[in-house]
There are 2 protein chains.
Amino acid sequence: MSYRISELAAKCGVNKETIRYYERKHLIQEPNRTKAGYRIYSDDVVKRVRFIKRMQDLGFLLQEVDKLLGVVDKDDNRCQDMFKFVSKKEREVQQQIQDLKRVEQMLNDLKERCPDEKTLHECPIIETLFDE
Amino acid sequence: MSYRISELAAKCGVNKETIRYYERKHLIQEPNRTKAGYRIYSDDVVKRVRFIKRMQDLGFLLQEVDKLLGVVDKDDNRCQDMFKFVSKKEREVQQQIQDLKRVEQMLNDLKERCPDEKTLHECPIIETLFDE
DNA sequence: CTTGACCTTTTACTATGGTACAGGGTTTAT
DNA sequence: ATAAACCCTGTACCATAGTAAAAGGTCAAG
């Protein structure tokens with residue numbers, strides 16, 4: 001099957017401007033064109049764009065997704081130092097998880113301080129955080 | 001003690017442009033000025049800016065930090081729906097923790113696939129993610 | 001054969017969170 | 001008294017990740 005840009009965008013749940021944006025950023029290759037210059041895409045590109053979105057939703061920057069796509073594209077350049085890249089990202093993710101657990105605890109405490117389940121005008125937790 | 005903008009910035013570990021940026025965004029009040037128009041700050045503002053940075057580092061947007069500061073400022077408007085706000089943020093944080101745990105697992109698997117602890121040219125994990 | 005829906009490029013704009021610079025004024029130290 | 005170091009405002013710029021609009025080309029249906 002082959003698709004025009006709007007069909008591709010719809011199949012991937014993104015805006016068609018986003019497709020062109022990914023092309024500009026070299027996350028997807030320049031597609032073939034019809035005689036009139038219309039972009040045409042294959043199912044491979046559907047998979048690729050969905051992968052980009054999925055990785056991005058999981059907290060990867062587009063430049064990081066690009067690095068991962070190096071494996072898919074079997075590109076020597078982007079595969080360079082993959083172990084280092086993955087290790088660094090892993091440490092960041094572990095730190096983030098720790099931070100978020102603290103935040104979760106804080107938010108839970110905060111909720112319990114809301115007397116009427118609506119507003120909250122003073123809170124020793126925020127005040128403690130505020131006063132160091 | 002009172003501080004000029006550079007001293008405040010240094011005490012809080014931020015750029016002085018960041019202080020002016022926070023002022024523009026109403027995260028800190030317009031400060032008093034010297035006769036010459038220089039901003040002067042109290043220790044309260046040191047605490048406030050440090051709080052902003054700390055919350056931000058934990059993953060809060062400045063607009064979310066502003067909401068939390070409503071409690072510190074005892075501001076009826078920003079304290080409105082605090083329970084709802086905190087609950088929503090808590091759910092987001094819980095979801096993020098789940099996502100990040102998946103990513104951590106993925107990255108760990110990925111590392112183990114790097115044959116020489118340097119590069120990685122093919123990987124069933126990425127391929128599985130890529131193929132849905 | 002015209003209308004509407006689609007496509008093209010280029011450029012500008014959005015939000016978030018800053019940073020930098022230009023062109024001034026002030027304060028401090030020598 | 002003059003230079004360095006600081007301050008001011010305003011504007012422009014950076015990255016990230018898009019979104020929108022302008023001005024035009026293409027294509028299918030009625």
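No experiment lies behind these values; they were computed from the predicted model shown. Within every chain, numbering begins at 1; the chains are lettered A, B, ... in the order of the sequence lines, protein sequences first and strands thereafter.
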Using the closest heavy atom to pick a nucleotide of DNA chain D for each, name whichever of Tyr38(B) or Lys35(A) lands nearer the 5' end.
Tyr38(B)
Residues that Asp99(B) engages under side chain to side chain donor-acceptor pair (under 3.5 Å), provided they are two or more places apart
Gln95(B)
Upstream residue (5' side of DNA chain D) when Lys25(A) and Ile40(B) are each assigned their closest nucleotide
Ile40(B)
Side-chain atoms of Arg20(B) come closest, of dC8(D), dG18(C), dC7(C), to dC8(D)
Any donor-acceptor pair under 3.5 Å linking the side-chain atoms of Tyr3(B) with those of Asp43(B)?
yes
Reckon Arg39(A) touches a base, only the sugar-phosphate, or nothing at all at heavy-atom distances under 4.0 Å?
sugar-phosphate
At 4.0 Å (heavy atoms only), tell me whether Lys53(B) reaches a base, stays on the sugar-phosphate, or touches nothing.
sugar-phosphate
Can you find a side-chain donor-acceptor pair between Asp109(B) and Gln105(B) that sits under 3.5 Å?
yes
Do Ile19(B) and Leu62(B) land in one hydrophobic cluster if side-chain heavy atoms of ILVMFWY residues count as linked below 4.5 Å?
yes
Out of dC7(C), dT19(C), dT16(C), which has the shortest distance to the side chain of Arg24(B)?
dT19(C)
Checking dC7(C), dG18(C), dC8(D) against the side chain of Lys16(A) (C-beta onward), the nearest is dC7(C)
Could you check which of dT19(D), dT27(C), dT8(C) has an atom nearest any side-chain atom of Ala36(B)?
dT27(C)
Taking the minimum atom-to-atom distance to the side chain of Gln56(A), which one of dA20(D), dC7(C), dG18(D) wins?
dG18(D)
Ignoring the backbone of Arg33(B), work out which of dT19(C), dT9(D), dG17(C) is nearest its side chain.
dT9(D)
Select base, sugar-phosphate, or nothing to describe what Thr34(B) touches, counting heavy atoms under 4.0 Å on all strands.
nothing
